[in-house]
Each structure stands twice: as structure tokens, then as C-alpha cells.
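Each chain gets a letter, A, B and so on, in the order the sequences are listed, and its residues count up from 1.
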Amino acid sequence: AQTVTQSQPEMSVQEAETVTLSCTYDTSENNYYLFWYKQPPSRQMILVIRQEAYKQQNATENRFSVNFQKAAKSFSLKISDSQLGDTAMYFCAFTQGGSEKLVFGKGMKLTVNP
Amino acid sequence: GAGVSQTPSNKVTEKGKYVELRCDPISGHTALYWYRQSLGQGPEFLIYFQGTGAADDSGLPNDRFFAVRPEGSVSTLKIQRTERGDSAVYLCASSLTVPSGEQFFGPGTRLTVL
């Protein structure tokens, strides 16, 4: 069974600092996709960044970047220059090639302090 | 609005009652997904539609849960004989492309079973 583990339930960071959120996953497949989603108090899940497993290059989206270590099955999210609006729950998720269902971790609450 | 919409935003019902939750996907999105998010957890997959047909319903917990998408657009999640354990936020998402296109989420329906 595919699983996603987020071992840090909660983190806080000062505005403008850099923070890294960790995620590990388990799969026996070779073709899969990894995602980080953000869920603010409004409940609406927003895609932050996406990584295809077959791509060696780490994905980046402005202040957000990932460190994808395929052999270690690790997929961490780095947020640079943290902003107050980054305060939210962050979920790591996974979908396997041939299946459209997202498998989510339990999430991590990030608080950015002024 | 151009996003995924869900109605109602909140639903309170009594144990044993029947409820229907509605999802309006983004126009033109052929894929539609339902997830359930319990307190303090990540979303869990329920069912995925491609067009009018359920392509994967492996996440439905039992036969009290049923979902339809008769015209390939709006979907309704139906729960019979509700139980207190059904209390959760029910999230709907849609995507334009498969495989593993970005899933755009709605704000969810918070279901409370008393």
C-alpha cells in the first residue's frame, strides 16, 4: 500500500526566514507524482508544487522548491523568504501512475510569525 | 466564479438521516474526485469520475455511500443512514487532464451528524 508520512506535526518560523517541511513516502512503483498542497483556514486546498518521479531535476515555483531524493523516497518542501500568508496546513501527497487518487499525509501546521 | 463550488458549505443532520452533497466542477474538467477529511487528518480518497462513469470507487467506505455524475458535470455524493462517524469535511476536486493533472479543490462541505 502507498503511504505518505509527515513526521513534523507543527512548525513555526519568523517572517523572511527559510523553512523546510519533510515528507517520506512508500511505493513499489516507478512511475508516480508527488505534490505539496497548502490548506489555509478557509479549507480550500491549493497546489503549491508538483514533481514527476521520472524527472531528476527538482521542481521550483518562485519561493517554493523541493528536494526530491528518489532512492530515499523523500520529498521535502523548502519555503524561502517566508510570508505571513504562508501560514497554513501543508500536505504532502502522492499519486501513482495509472491511478488518479491522491494519497495524502496527515499534514503539518506551519505558522509564520511577524 | 471559475473555481470548484460545493453546496452546502455546512450541513447538520441527525443520525440515521439521508444527505446529499453537491459539487460543481470547473467548466470543461472531465475528471472529478471526492475526498473526505476528518479532523486532524489529510484527505482520504472516496471516488473518481471520468466523464459520467465512476472510474475508481475503491475509497467508498461502505454501501451507505454513493455518488453520481449523470451528465458528466455536476456530481452528488449521497450518504444513507448517516452515522456520527461520517462527520467530516467532504472535499470535491476536478482536473482537466489525466494522468495526474492538477486537481483543483473546492472549499468543502462540513457534515456534522448529531
- Item | Residues in residues 84-95 of chain B near chain A [non-hydrogen atoms, under 4.5 Å] | B:V89, B:L91
- Message: If you count heavy atoms of other groups shown closer than 6.0 angstrom to CG of B:L114, is the number above 12?
- Response: yes
- Message: Quick check: closest heavy atoms across A:K101 and B:S58, and the distance to 0.1 Å?
- Response: NZ-OG, 3.6 Å
- Heavy atoms from other residues, nucleotides or ligands near CZ of B:F66 exceed 12 (cutoff 6.0 Å): no
- Write down the atom of A:R43, the atom of B:S9, and the distance for their closest heavy-atom approach. NH2-O, 3.3 Å
- Query: Which region of B:Q37, side chain (C-beta onward) or backbone (N, CA, C, O), has a non-hydrogen atom less than 4.5 Å from a non-hydrogen atom of chain A, or is it both or neither?
  - Reply: side chain
- What part of A:E52 gets closer than 4.5 Å to chain B, counting heavy atoms only: side chain, backbone, both or neither? neither
- Item | Non-hydrogen side-chain atoms of A:F91 and B:P43 separated by less than 4.5 Å | yes
- State whether the number of non-hydrogen atoms from other residues, nucleotides or ligands found under 6.0 Å of A:K78 atom NZ is greater than 12. no
- Query: In this structure, are over 12 heavy atoms from other groups packed under 6.0 Å from A:Q14 atom CD?
  - Reply: yes
- Message: To the nearest 0.5 Å, what is the distance between CD on B:E102 and OH on A:Y37?
- Response: 6.0 Å
- In terms of side-chain heavy atoms, does A:E100 have a donor or acceptor partner in B:Q50 at a distance below 3.5 Å? no
- Item | Smallest separation among heavy atoms of A:L102 and B:F45, with atom names | O-CB, 4.1 Å
- Task: May I ask whether B:L21 and B:L60 are part of the same hydrophobic cluster, defined by side-chain heavy atoms of I, L, V, M, F, W, Y residues being less than 4.5 angstrom apart, directly or through others?
- Result: yes
- Item | B:F104 portion near chain A, given a 4.5 angstrom heavy-atom threshold | neither
- Message: With a sphere of 6.0 Å drawn around CG of B:N10, does it hold more than 12 non-hydrogen atoms of other residues, nucleotides or ligands?
- Response: yes
